[in-house]
Trainee: 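Take a look at the following structure, please.
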Amino acid sequence: MTQENNTLATDFIREIIEDDFSTNKHAGRVATRFPPEPNGYIHIGHAKSVCLNFGLAAQYSGTCNLRMDDTDPAGESLEFVESIIHDVHWLGFDWNDRLYYASDYFEELYQFAVQIIKMGKAYVCSLNADEIREYRGSFTEPGRESPFRNRSVEENLDLFSRMRAGEFEDGAHVLRAKIDIASPNIVMRDPIMYRIKREPHFRTGTNWVIYPMYDFAHCLSDALENISHSICTLEFENNRPLYDWFVEQVITGSRPRQIEFARLNVSYTVLSKRRLIELVERNHVAGWDDPRMPTVAGMRRRGYTPEAIRNFCAVIGVAKNDNLVDASLLEHCVREDLNERAPRAMGILMPLKMVIDNYPEGKVEEFECSNHPQNPAMGTRKVPFSRVLYIERDDFDENPPKKYKRLGPGREVRLRNAYVIKYQSLVKDERTGEITELHCTYDPDTHSGPPPDGRKVEGVIHWVSAEHAVPVEVRLYDRLFRIPDPGSISENYMEYLNPGSLEILPVCYAESSLKYAAPGSRYQFERLGYFCVDAKDSAPGKPVFNRIVALRDSWGKVAARGKN
RNA sequence: UGGGGCGUCGUCAAGCGGUAAGACACAAGAUUUUGGUUCUUGCAUCCGGAGGUUCGAAUCCUCCCGCCCCAGCCA
């Protein structure tokens, strides 16, 4: 533990922990846990929690467990467990041998329940679901006591063991805590501890037909694991008295403390598990790892790095304010990381053929190009140059707007890493009017410096040698939704999906060095953005590139302004 | 409506009675063989509102307003 860590609380949770150190509350121990339910893939919101919990443990020389909160077999599966394990590891965190499952505590939890029944503080209630809801009252009226509330301990014990034994139909009985049916906090109105549910569990199979509820299982799982600080999101604030109630019944000595923070929201996407499931199941995306998804798997496939995601989680902070973090902040973190680590390369997204009329036919030069202009240690690569090239369609304009620095009639422009060229003529498709070919001449004295005669050449455009280029597919991604806060819309939020969130460009050209680029590797295509070799759909020699994020584009802003 | 929580720049977020950090975004400029990077500069006389306490309040008190969460045998 470093000194700064002891003196620099950066958020209210760290303040609490450091406070606890000063009073020696948990014997100076920090034990946290990340407790996902394995019924979906984890997303950027979970990543915030993962970074918080594991980060706290690392900072204060404590431990963080990974615990599957698998108390409701419906929807839970091994696939999700495996994805969570993979994703948390990928994010850069390790729990050593402390991978736990709430389902491993089922027997202990059952015994705790028996204990609470014996204390006269839990009872088997035989009201049906509708009746329980009615009896619970509402915000304005207190609940009414269940007619089964005063069953004897013996009867409760008998009924509860028969619930476990499978003697009753689903829903016939539940075990309830006897707390306060009139409490102003609805959570405390004799909450349900166990329900009968004949659903096979992916780990315990058919061993159990009763399953503990979250409020009962979660706090006691924390206690069994000796968690000191149980960090969860704000919506569980109402449940904290119940958390404490259960723990007090059965645990003596040091008890875990629940602390709530605000869950993350990011603009132009949704982060609730229910909605992500809908996106997947209704095929609005190609799966949990669709690069447009805010899931860890999606971001990984898109090309985001764990470092970028971790940095984002650090930068957004931890507080209790409802929030909607700008998607541009995430993008900034991704660019910031990739700018340093991604080797540069050239690729053409919208090809336009260009012939250098005065360049000898059949001649090929190989230019030594820097892989990173600010970091020579990243080395160089050879890029072939020849008479016929492809350039970006956007880099030529027959009627250039003001401030346009690219190619146009009568103009000169620098070919990145190569010569200065001058426009000569163009060829159009007579039927469509589309420009099909450009003719230019090059200045042989300009490869490694400005024109010797002192002419100023302002623009620089990228290119690729037609003969040597690798044809590639490129996938462009945009925000999933058209509106900043789709999460706030309760109904028909799918109407706000961005129809242009995926654009596939089947015919693009990458420089030859990229032909066998490793799946998952990331490059900056100069002047365009960062791209990642798709790990699923690429084949050797035939890479598919995902655009991770575009470069900042100050010209795009100027150009857009010009149109208005 | 009963209970719980939250309101500081467009967005996150510091601030803990001594006179509004930082980041993103945005804007302007410099450097540049990426309109990228980097650098410089600007960007809340004001902290949901109104009163009060104090020499002094975003920070303490009172009232008011707004937003979020809770009435699953989900988590």
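The figures that follow rest on heavy atoms only: side chains count, while hydrogens, waters and symmetry mates do not. Chain identifiers are assigned alphabetically (A, B, ...) following the order of the sequence lines, protein sequences preceding nucleic acid strands; residue numbering begins at 1 within each chain.
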Trainee: Of the options B:rU11, B:rC73, B:rC74, whose atoms approach the side-chain atoms of A:K197 most closely?
Mentor: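 Within the option list, the nearest is B:rC74.
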Trainee: What nucleotide, of B:rG10, B:rA75, B:rC73, holds the atom closest to the side chain of A:I192?
Mentor: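 For the A:I192 side chain, the nearest candidate turns out to be B:rC73.
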Trainee: Describe the nucleic acid contact of A:N239 in one word from base, sugar-phosphate, nothing, applying a heavy-atom distance below 4.0 Å.
Mentor: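 The answer is base, as A:N239 lies within the cut-off (heavy atoms under 4.0 Å) of a base atom.
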Trainee: When rounded to the nearest Å, what value does the distance between C1' atoms of B:rG35 and B:rA75 take?
Mentor: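 To the nearest whole Å, 49 Å.
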Trainee: Report yes or no: is the cationic atom of A:R67 (NZ for Lys, CZ for Arg) under 6.0 Å from the centre of the six-membered ring of A:Y100, at an angle within 45° of the ring normal?
Mentor: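 No, A:R67 does not lie over the aromatic ring of A:Y100.
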Trainee: Can you figure out which of B:rA28, B:rC73, B:rA23 approaches the side chain of A:L329 most closely?
Mentor: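 Looking only at side-chain atoms, A:L329 lies closest to B:rA23.
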Trainee: Side chains of A:Q258 and A:S230 only: does a donor on one sit below 3.5 Å from an acceptor on the other?
Mentor: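 Result is no, nothing qualifies.
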Trainee: Distance under 6.0 Å and angle within 45° of the ring axis: does A:R522 meet both against A:F531?
Mentor: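 Cation-pi check for A:R522 and A:F531: fails.
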Trainee: Could you work out the separation of B:rC47 and B:rG42 based on their P atoms and round it to a whole Å?
Mentor: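 Straight-line distance between the two P atoms is 23 Å.
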Trainee: Give, ordered by number, those residues of residues 259-272 of chain A having at least one heavy-atom distance below 4.0 Å to an atom of RNA chain B; if nothing qualifies, reply none.
Mentor: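 RNA chain B contact set from residues 259-272 of chain A: none.
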Trainee: Under 6.0 Å between ring centres: does that hold for A:Y214 and A:F236?
Mentor: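 Yes, the ring of A:Y214 comes within the 6.0 Å limit of the ring of A:F236, centre to centre.
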Trainee: Flag the pair A:E278 and A:R274 as a salt bridge only when some basic side-chain nitrogen lies within less than 4.0 angstrom of an acidic carboxylate oxygen.
Mentor: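 A salt bridge links A:E278 with A:R274.
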Trainee: Using a strict threshold of under 4.0 Å (side-chain N to carboxylate O), is an ion pair present between A:D443 and A:R455?
Mentor: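 Judged by the 4.0 Å cut-off on N to carboxylate O distance, A:R455 and A:D443 do form a salt bridge.
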Trainee: With C1' as the reference atom in both, quote the distance from B:rC70 to B:rC64 in angstrom, rounded to an integer.
Mentor: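 B:rC70 and B:rC64 have their C1' atoms separated by 25 Å.
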Trainee: With a 4.0 Å cutoff (strictly under), does any side-chain N or O of A:R14 reach OP1 or OP2 of B:rA14?
Mentor: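 It does not, given that no N or O in the side chain of A:R14 lies less than 4.0 Å from OP1 or OP2 of B:rA14.
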Trainee: If I take atom CZ in residue A:R275 and atom C1' in nucleotide B:rA75, what distance separates them, rounded to the nearest angstrom?
Mentor: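 Value for this atom pair: 17 Å.
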Trainee: So A:R414, base contact, sugar-phosphate only, or nothing? Heavy-atom distance under 4.0 Å.
Mentor: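 Base contact - A:R414 has a heavy atom under 4.0 Å of at least one base atom.
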Trainee: Given B:rC74, is OP1 or OP2 found less than 4.0 Å from the side-chain N or O atoms of A:K273?
Mentor: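 No.
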Trainee: Should we say atom NZ of A:K197 is surrounded by more than 12 heavy atoms from elsewhere, each under 6.0 Å from it?
Mentor: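 Yes, because the 6.0 Å sphere around NZ of A:K197 holds more than 12 heavy atoms from other groups.
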Trainee: How does protein contact run along nucleotides 35-44 of chain B, one letter per nucleotide 5' to 3', with B for base contact, S for sugar-phosphate only, - for none, heavy atoms under 4.0 Å?
Mentor: BBB-------
Trainee: Under a 3.5 Å cut-off for both distances, is B:rU59 Watson-Crick or wobble paired, and to whom?
Mentor: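 Looking at the geometry, B:rU59 pairs with no nucleotide.
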Trainee: For atom P, what is the distance between B:rA27 and B:rU37, given to the nearest Å?
Mentor: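 B:rA27 and B:rU37 have their P atoms separated by 14 Å.
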Trainee: Looking across every strand, which nucleic acid part, if any, lies under 4.0 Å from A:E392 by heavy atom: base, sugar-phosphate, or nothing?
Mentor: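 The residue A:E392 makes no contact with any strand.
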Trainee: With a 3.5 Å distance limit and no angle check, can you tell me whether A:R33 reaches the backbone of A:I231 through a side-chain donor-acceptor pair?
Mentor: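 Yes.
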Trainee: Identify which one of A:R149, A:R136, A:K178 satisfies the side chain to side chain donor-acceptor pair (under 3.5 Å) criterion when paired with A:D190.
Mentor: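 Single pass found, and it is A:R149.
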Trainee: Are A:E237 and A:K320 within salt-bridge range, i.e. N to O under 4.0 Å?
Mentor: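 Yes, A:E237 and A:K320 are salt-bridged.
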Trainee: Could you state the CZ-P distance from A:F312 to B:rA25, rounded to the nearest angstrom?
Mentor: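 Spelled out: CZ on A:F312 to P on B:rA25 is 12 Å.
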Trainee: Between A:R263 and A:E235, does any NZ, NE, NH1 or NH2 come within less than 4.0 Å of an OD or OE carboxylate oxygen?
Mentor: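 Here A:E235 pairs with A:R263 in a salt bridge, since their nearest N and O are under 4.0 Å apart.
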Trainee: Taking OP1 and OP2 of B:rU34, is either one under 4.0 Å from a side-chain nitrogen or oxygen of A:H462?
Mentor: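 Result: no.
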Trainee: Which part of the nucleic acid, if any, lies within reach of A:D69 when heavy atoms closer than 4.0 Å are counted: base, sugar-phosphate only, or nothing?
Mentor: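 Sugar-phosphate, no base atom in range.
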Trainee: Taking the ring of A:Y211 and the ring of A:Y110, is the distance between their centroids below 6.0 Å?
Mentor: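 Distance test on ring centres: not under 6.0 Å, no.
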Trainee: Would you mind reading off the distance between A:Y123 atom OH and B:rC73 atom P, rounded to a whole angstrom?
Mentor: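 Whole-Å distance recorded here is 12 Å.
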Trainee: NA contact type, A:A319, heavy-atom cut-off 4.0 Å: base, sugar-phosphate, or nothing?
Mentor: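 The residue A:A319 makes sugar-phosphate contact but no base contact.
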Trainee: Going by 5.5 Å between centroids and 30° between planes, is there a stack of A:Y214 over B:rA75?
Mentor: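 A:Y214 ring does not meet the centre or angle cut-off for B:rA75; no stack.
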Trainee: Which value, in whole Å, describes the distance between the P atoms of nucleotides B:rU59 and B:rC16?
Mentor: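 My reading of the P atoms in B:rU59 and B:rC16 gives 12 Å.
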Trainee: In Watson-Crick or G-U wobble terms, both distances under 3.5 Å, what is the partner of B:rG2?
Mentor: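 Looking at the geometry, B:rG2 pairs with B:rC70.
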Trainee: CZ of A:F34 versus C1' of B:rA75: gap in Å, rounded?
Mentor: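 Distance check: A:F34 CZ to B:rA75 C1' gives 12 Å.
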Trainee: Base, sugar-phosphate, or nothing: which does A:M213 touch, judged by heavy atoms less than 4.0 Å apart?
Mentor: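 A:M213: backbone/sugar contact only, no base atoms under 4.0 Å.
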Trainee: Taking atom P in both B:rU31 and B:rG48, what distance in whole Å separates the two?
Mentor: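 Taking atom P in both B:rU31 and B:rG48, they lie 43 Å apart.
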Trainee: A:H332 NE2 to B:rC26 P: how many Å, rounded?
Mentor: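 It works out to 12 Å between those atoms.
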Trainee: Checking all strands, does A:N39 fall into the base, sugar-phosphate, or nothing category for heavy-atom contacts under 4.0 angstrom?
Mentor: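 The answer is nothing, as A:N39 stays clear of every strand by at least 4.0 Å.
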Trainee: Assess, by modelled atom type and distance only, whether the side chains of A:S138 and A:E141 contain a donor and an acceptor separated by less than 3.5 Å.
Mentor: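 Their side chains do contain a donor-acceptor pair, which is all the 3.5 Å distance test asks for.
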Trainee: Report which part of the nucleic acid A:G75 touches: base, sugar-phosphate, or nothing (heavy-atom distance under 4.0 Å, all strands).
Mentor: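 No contact.
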Trainee: Please compare A:A418 and A:I186 by the position of their nearest nucleotide in RNA chain B and report the one closer to 5'.
Mentor: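 Of the two residues, A:A418 wins.
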Trainee: Write down the distance separating the C1' atoms in B:rC46 and B:rA71, rounded off to the nearest Å.
Mentor: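 So the two C1' atoms sit 42 Å from each other.
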Trainee: Grab the CZ-P distance between A:F80 and B:rA75 for me, whole Å please.
Mentor: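 These atoms are roughly 16 Å apart.
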Trainee: Quick check on RNA chain B: between A:L415 and A:A172, whose nearest nucleotide comes earlier from the 5' end?
Mentor: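 Its nucleotide being nearer the 5' end, the pick is A:L415.
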Trainee: With sugar-phosphate meaning primed atoms plus P, OP1 and OP2, does A:S448 contact a base, only sugar-phosphate, or nothing at under 4.0 Å between heavy atoms?
Mentor: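 The residue A:S448 makes base contact.
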Trainee: Syn or anti for B:rG72, with syn set at within 90° of 0?
Mentor: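 Syn, angle within 90° of zero.
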Trainee: Need the pair for B:rC24. Rule: Watson-Crick or G-U wobble, both distances under 3.5 Å, any strand; none if unpaired.
Mentor: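 For B:rC24, the partner nucleotide comes out as B:rG10, under the 3.5 Å rule.
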Trainee: Mark up nucleotides 3-8 of chain B, 5' to 3', with B wherever a protein heavy atom is under 4.0 angstrom from a base atom, S wherever such an atom reaches only the sugar-phosphate, and - elsewhere.
Mentor: BSSSS-
Trainee: Check the distance between B:rA14's C1' and A:E15's CD and give it to me in whole angstrom.
Mentor: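 Result: 11 Å.
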Trainee: Quick test of your reading of the model: are A:E134 and A:R144 salt-bridged, counting only N-O distances below 4.0 Å?
Mentor: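 Salt bridge flag = no for A:R144 with A:E134.
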Trainee: Verify the contact: side-chain N or O of A:T71 to OP1 or OP2 of B:rA75, cut-off strictly under 4.0 Å; return yes or no.
Mentor: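 It does, given that an N or O in the side chain of A:T71 lies less than 4.0 Å from OP1 or OP2 of B:rA75.
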Trainee: Have a look at A:V549 and say if it touches a base, only the backbone sugar-phosphate, or nothing, with a 4.0 Å heavy-atom cut-off.
Mentor: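 A:V549: no heavy atom of the nucleic acid under 4.0 Å.
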Trainee: Using the ring of A:Y493 (Phe, Tyr or Trp, six-membered ring only), decide whether A:R275 places NZ or CZ under 6.0 Å from its centre and within 45 degrees of its axis.
Mentor: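 Yes, A:R275 sits over the ring of A:Y493.
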Trainee: Which value, in whole Å, describes the distance between the P atoms of nucleotides B:rA30 and B:rC12?
Mentor: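 The same atom, P, in both gives a distance of 34 Å.
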Trainee: Is A:R189 close enough to B:rG2 that one of its side-chain N or O atoms is under 4.0 Å from OP1 or OP2 there?
Mentor: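 Looking at the OP1 and OP2 atoms of B:rG2, neither is under 4.0 Å from any side-chain N or O of A:R189.
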Trainee: Answer with base, sugar-phosphate or nothing: what part of the nucleic acid does A:F525 contact at a heavy-atom distance below 4.0 Å?
Mentor: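 Since no nucleic acid heavy atom lies under 4.0 Å of A:F525, the category is nothing.
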Trainee: Can you check whether A:F139 stacks with the B:rC70 base, using ring centres under 5.5 Å and planes within 30°?
Mentor: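 It does: the two rings, one from A:F139 and one from B:rC70, meet the stacking criterion.
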Trainee: Do A:R195 and A:D170 sit within salt-bridge range, that is, some charged N less than 4.0 Å from a carboxylate O?
Mentor: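 No salt bridge links A:R195 with A:D170.
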